[in-house]
Engineer: 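Let me begin by handing over the structure; questions about it come next.
If you're wondering where the values come from, they're calculated on a predicted model, not measured in any experiment. These numbers come from the heavy atoms of this one structure, side chains and all, not from hydrogens, waters or symmetry mates.
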Amino acid sequence: MNLVTTVIAISAILSTILILVSFWLPMMDPNQEKTSPYECGFDPLGSARLPFSMRFFLVAILFLLFDLEIALLLPLPWGNQLLDPVTTFFWATSLLGLLTFGLIYEWLQGGLEWAE
């Protein structure tokens, strides 16, 4: 019981210290950019029909695609403990191959060129 009490006390003290430091430490220097609801560079009061860069959209979609790849390959180490791990590794290899061919295709088409 003494160990539990000690851990709870240390956690409470550390949390209190971190909360107090987080209120005390940051610089309180608000300017127009920091107080603006939109920090992405778009003018919130301007026209909503501004042109949007399709290259930026394409790079963002590719980032999401390859980020999803990590989530799909996360259970791969546990696939080694199945009765038939060859099937798991086959599907992982086919997924990586498909994504690699897609990346090569995008590269050859010039979709990854940010500036001409």
Engineer: Can you name the side-chain contact (heavy atoms from CB on, under 4.5 Å) partners of Ile61, sequence neighbours left out?
Structural biologist: Phe57
Engineer: Which distance, rounded to the nearest 0.5 Å, do you find between the CG of Leu103 and the CG of Leu96?
Structural biologist: 12.0 Å
Engineer: Please give the remaining members of the hydrophobic cluster of Leu18, linking ILVMFWY side chains under 4.5 Å, ordered by chain and number.
Structural biologist: Leu14
Engineer: Residues two or more places apart in sequence or in another chain: which of them pass side-chain contact (heavy atoms from CB on, under 4.5 Å) with Leu98?
Structural biologist: none
Engineer: Is there a donor-acceptor pair under 3.5 Å between the side chain of Ser22 and the backbone N or O of Ile19?
Structural biologist: yes
Engineer: Nearest 0.5 Å, please: how far is CD1 in Ile8 from OG1 in Thr6?
Structural biologist: 9.5 Å
Engineer: Linking directly or through intermediates, with side-chain heavy atoms under 4.5 Å: list the remaining ILVMFWY members grouped with Leu108, chain and number order.
Structural biologist: Ile104
Engineer: With sequence neighbours excluded, give me every side-chain hydrogen bond (donor to acceptor under 3.5 Å, both in side chains) pair touching residues 91-112.
Structural biologist: none
Engineer: For Asp84, give me all partners under side chain to side chain donor-acceptor pair (under 3.5 Å), at least two apart in sequence or on another chain.
Structural biologist: Thr87
Engineer: Should Leu73 and Phe90 be regarded as members of a common hydrophobic cluster, given that ILVMFWY residues are connected when their side-chain heavy atoms come within less than 4.5 Å of each other, either directly or indirectly?
Structural biologist: no
Engineer: Go through the structure and list residues passing side-chain contact (heavy atoms from CB on, under 4.5 Å) with Ile17, not counting sequence neighbours.
Structural biologist: Ile13, Val21
